[in-house]
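These notes concern the structure reproduced below.
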Amino acid sequence: MTIFSVRHITAYRYHRPVEFGEHRLMFRPRDSFDQTLLSSDLDIYPKPEYVRWIHDVFGNCVARVGFTGFARELRFETNIRLEHTQQVAMDLQINEEALTYPFAYDTDEGFDLERTIHRHYPDAGDEVGKWTRQFVRIGQPTETGHLLMTLCYAIHESFIYARRLEHGTQSPLETLQLRRGTCRDFALLMMEAARSLGLAARFVTGYIYVPDRDGSSVLGGGSTHAWCQIYLPGAGWVEFDPTNGIVGNRDLIRVGVARDPKQAVPLSGSYDGEACDFDDMSVQVNVTTSDTSTELHG
């Protein structure tokens, strides 16, 4: 078991005082058998008029924050601590009928999973599907776990990770054609690839622990991170991080899940003013750890 501490600061600066609309903040990790929230603090400047907590349609904890007055800076600082238990790919217990691909979800699960199986992005030539099917064996059984791990590693090894300043996520077809993108782009590509095989997939936003930021090969540190989950009968929602080639939850801190990336934006909101009033934005994420076991993991 490992104790993770996360400090996440987002600051917006303006050339003149502006008025802020309601902001939506998703930073509180989801409690589960593999991660337990120990503490959570939220500090906001200027002081908000209200902070209202809700559970969204996916069960994520979301803070809705309202303001009065004007300011030249808007700053959110969150600090969390949680216990994390590593789950690795070898621990997957997939039901016998789903050990090889293709397989079918049972009727009840299939009904609930339907929207996460349906492909969400235009691909007239089925380019994503064609690319994905190269990992399916012809004339012999394809092990489901091996298929998905190969897909995850293929994105990690064949695509170039590149941060970009633009908001939003590339379409899966664009990421496939460019062979480059951010963690959100790679997560979405793997989701649509899995969906092209008839598998249920969903988006995950959160944080990743990078053991040594200087010279580390782990990507996605220093900001929020993104990966995906694929539903496998018997194993449930399994984590796949194609940015780093991680299968399982190693070093991954799950904050929110969604059917599509636009439903899991860590921070969103508005201000009343001209576009030229905006000066700049900065994001700082620090994830540190103290291992409570006798063996270091990750």
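We use all heavy atoms of the structure for the numbers below, so side chains are in, but hydrogens, waters and symmetry mates are not.
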Other residues, nucleotides and ligands only: do more than 12 of their heavy atoms fall within 6.0 Å of [atom1] on [X]?
{"X": "F278", "atom1": "CZ", "answer": "yes"}
{"X": "E127", "atom1": "CD", "answer": "yes"}
{"X": "I54", "atom1": "CD1", "answer": "yes"}
{"X": "H15", "atom1": "NE2", "answer": "yes"}
{"X": "F111", "atom1": "CZ", "answer": "no"}
{"X": "R52", "atom1": "CZ", "answer": "no"}
{"X": "E96", "atom1": "CD", "answer": "no"}

Quiz prompt | From I246 atom CD1 to W227 atom CH2, the distance as rounded to the nearest 0.5 Å | solution =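 So the gap between those two atoms works out to 9.0 Å.
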Quiz prompt | Interatomic spacing from CE in M191 to OG in S196 - rounded to 0.5 Å | solution = 12.5 Å
Quiz item: Does the ring centre of H146 sit less than 6.0 Å away from the ring centre of F135?
Solution: no
Quiz prompt | Aromatic centroids of Y14 and F20 separated by under 6.0 Å | solution =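 Aromatic pair counts; centres sit under 6.0 Å.
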Quiz prompt | Donor-acceptor contact present, side-chain N249 to main-chain L252, <3.5 Å | solution =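 Side chain of N249 to backbone of L252, a donor-acceptor pair under 3.5 Å: no, none is there.
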Quiz item: Judged by atom type as modelled, is there a donor-acceptor pair below 3.5 Å linking the side chain of Y231 to the main-chain atoms of T116?
Solution: no
Do NZ/NE/NH1/NH2 and the carboxylate oxygens of [X] and [Y] come within less than 4.0 Å?
{"X": "R115", "Y": "D260", "value": "no"}
{"X": "R254", "Y": "E239", "value": "yes"}
{"X": "D279", "Y": "R72", "value": "no"}
{"X": "R24", "Y": "D56", "value": "yes"}
{"X": "R81", "Y": "D41", "value": "no"}

Quiz item: Who are the ring pair (Phe, Tyr, Trp, His ring centres under 6.0 Å) partners of Y12, not counting sequence neighbours?
Solution: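 Applying ring pair (Phe, Tyr, Trp, His ring centres under 6.0 Å) to Y12 gives none.
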Quiz item: Step by step, would you call H156 with Y161 a ring pair (Phe, Tyr, Trp, His ring centres under 6.0 Å)?
Solution: CA-CA 8 Å; H156 171 58; Y161 175 81; over 10 Å; no
Quiz prompt | Side chain proximity check, F58 to Q263, heavy atoms < 4.5 angstrom | solution = yes
So, for [X] and [Y], which heavy atoms are closest and what is the spacing to 0.1 Å?
{"X": "T78", "Y": "L42", "result": "CG2-CD1, 3.5 Å"}
{"X": "H118", "Y": "H120", "result": "O-ND1, 2.7 Å"}
{"X": "D185", "Y": "T169", "result": "OD1-CG2, 3.3 Å"}

Practice problem: Verify side-chain hydrogen bond (donor to acceptor under 3.5 Å, both in side chains) between T288 and R7, making sure each step is shown before the conclusion. | Solution: CA-CA 9 Å; T288 56; R7 186 185 186 211; over 6 Å; no
Self-check item: Whether F159 and F186 hold their rings parallel, tilted or perpendicular, with breakpoints at 30° and 60°
Solution: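 If you compare the ring of F159 with that of F186, the planes turn out perpendicular.
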Quiz item: Would H225 and Y207 satisfy ring pair (Phe, Tyr, Trp, His ring centres under 6.0 Å), going step by step from the backbone distance to the final call?
Solution: CA-CA 5 Å; H225 189 50; Y207 305 103; 9.7 Å; no
Exercise. Test the R64-W53 pair against the cation-pi criterion, namely NZ or CZ under 6.0 angstrom from the six-membered ring centroid and within 45° of the ring axis.
Key: no
Quiz item: Can T100 and E143 be said to form a side-chain hydrogen bond (donor to acceptor under 3.5 Å, both in side chains), step by step?
Solution: CA-CA 4 Å; T100 58; E143 295 179 3; over 6 Å; no
